[in-house]
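This report concerns only the one structure given below.
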Protein chains: 2
Amino acid sequence: MDIERSISALNNPMRRRILEWLKDRSNFPPALPGHEDLEGVCVAYIQEKAKLSQSTISNYMGLLKQAGFVKAERHGQWTFYRRDEENIQAFLTAVKDELLKM
Amino acid sequence: MDIERSISALNNPMRRRILEWLKDRSNFPPALPGHEDLEGVCVAYIQEKAKLSQSTISNYMGLLKQAGFVKAERHGQWTFYRRDEENIQAFLTAVKDELLKM
DNA sequence: TCCATAAATCGAAATATCTCGATATACCAA
DNA sequence: TTGGTATATCGAGATATTTCGATTTATGGA
């Protein structure tokens, strides 16, 4: 739990927005045939919704992953990203512990 | 509650450390004579502990204030800063609501 | 094997943040 | 009013972040 890295990853409106989008798979187009069982979303779908370049989104997802907010799973040529709820919860607890007085 | 500005203010180790120091007035030298009733801490004390320049600390305290994490109270030539516990709590709630799935 | 597609990495320009010393402002005391 | 002390603001250089297009790497299919 590197709070420095996590806060830094959150310090960007689009990255926060992506984390929100990933709360609900239905924010994105349906899964590709043969990947219906996966909960994650591929980079291209996120890019399309964010309207930023492919390299930027790939970079953003890498930062969110390093921060522990998402998990990546490679299937063939696709990387599927999904939220890491446990780590997100752990981050919230850590921030609370650091910020709150008692 | 401008979450953008707040996260930005937190995105710096020394500013977070100052917020922690301010949890307990005894992290700093005793109040100056005639100011024993004030809970806040003057800029000079914070600067001494942080070992950064006066202008940097003044700037940091301004950012923390804009973010709502501290309140400033001017008494004579001193500005006394103290935590704004209500706003800190409000920020934590806002981050939780934005980050957490349910 | 060769090509197409998805994603990651690289290099760079634009912008923002950090941090300083110098200066300005506000206030108090003599 | 003059001088001293505390804080805020200004301007600038160093460093970091943002975002892009181009390239590289990985994979799968014909």
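Reckoned from all heavy atoms, side chains included, excluding hydrogens, waters and symmetry mates. A, B, ... follow the sequence lines: proteins, then strands. Residue 1 opens every chain.
Partners of S55(A) by side-chain hydrogen bond (donor to acceptor under 3.5 Å, both in side chains), not counting sequence neighbours, listed by chain and number: S53(A).
Here the straight-line distance linking atom CG of L63(A) with atom OG of S8(A) works out to 7.5 Å at 0.5 Å rounding. Between the CG atom in D97(B) and the CE atom in M1(B) there is a gap of 11.5 Å [rounded to 0.5 Å]. One distance of note links CZ of F69(B) with CD1 of I18(B); it measures 13.0 Å at 0.5 Å rounding. One finds the CG atom of N11(A) at 10.5 Å from the CG atom of N12(B) (value rounded to the nearest 0.5 Å). A distance of 5.0 Å separates CE in M14(A) from CG in L52(A), rounded to the nearest 0.5 Å.
Between E73(B) atom CD and dT7(D) atom P there is a gap of 14 Å when expressed in whole angstrom units. Straight-line distance from the CD atom of Q47(A) to the P atom of dT5(C): 15 Å, rounded to whole Å. Spacing between atom CG of L64(A) and atom P of dA8(C) amounts to 12 Å, rounded to whole angstrom units. Atom CG in L63(A) sits roughly 9 Å away from atom P in dT17(D) (whole-Å rounding). Spacing between atom CH2 of W78(B) and atom C1' of dA29(C) amounts to 11 Å, rounded to whole angstrom units. The CD1 atom of I46(B) sits 12 Å away from the C1' atom of dT7(D) (whole-angstrom rounding). For E4(A) and dT17(C), the CD to P distance is 15 Å, given to the nearest whole Å.
Sorted by residue number, the list of members of residues 5-20 of chain B with any non-hydrogen atom under 4.0 Å from DNA chain D is empty.
Counting heavy atoms from C-beta outward, I3(B) and F91(B) have side chains that approach closer than 4.5 Å.
At distances below 3.5 Å, not a single donor-acceptor pair connects side-chain atoms of R82(B) with backbone N or O atoms of K71(B).
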> How does each nucleotide of nucleotides 20-26 of chain C score, in 5' to 3' order, for protein heavy atoms under 4.0 Å: base (B), sugar-phosphate only (S), or none (-)?
Replying inline: BBB----
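Y81(B) comes within 4.0 angstrom of the backbone, heavy atoms only, and of no base.
Between R16(A) and E98(B) there is a salt bridge, with a side-chain nitrogen of the basic residue lying less than 4.0 Å from a carboxylate oxygen of the acidic one.
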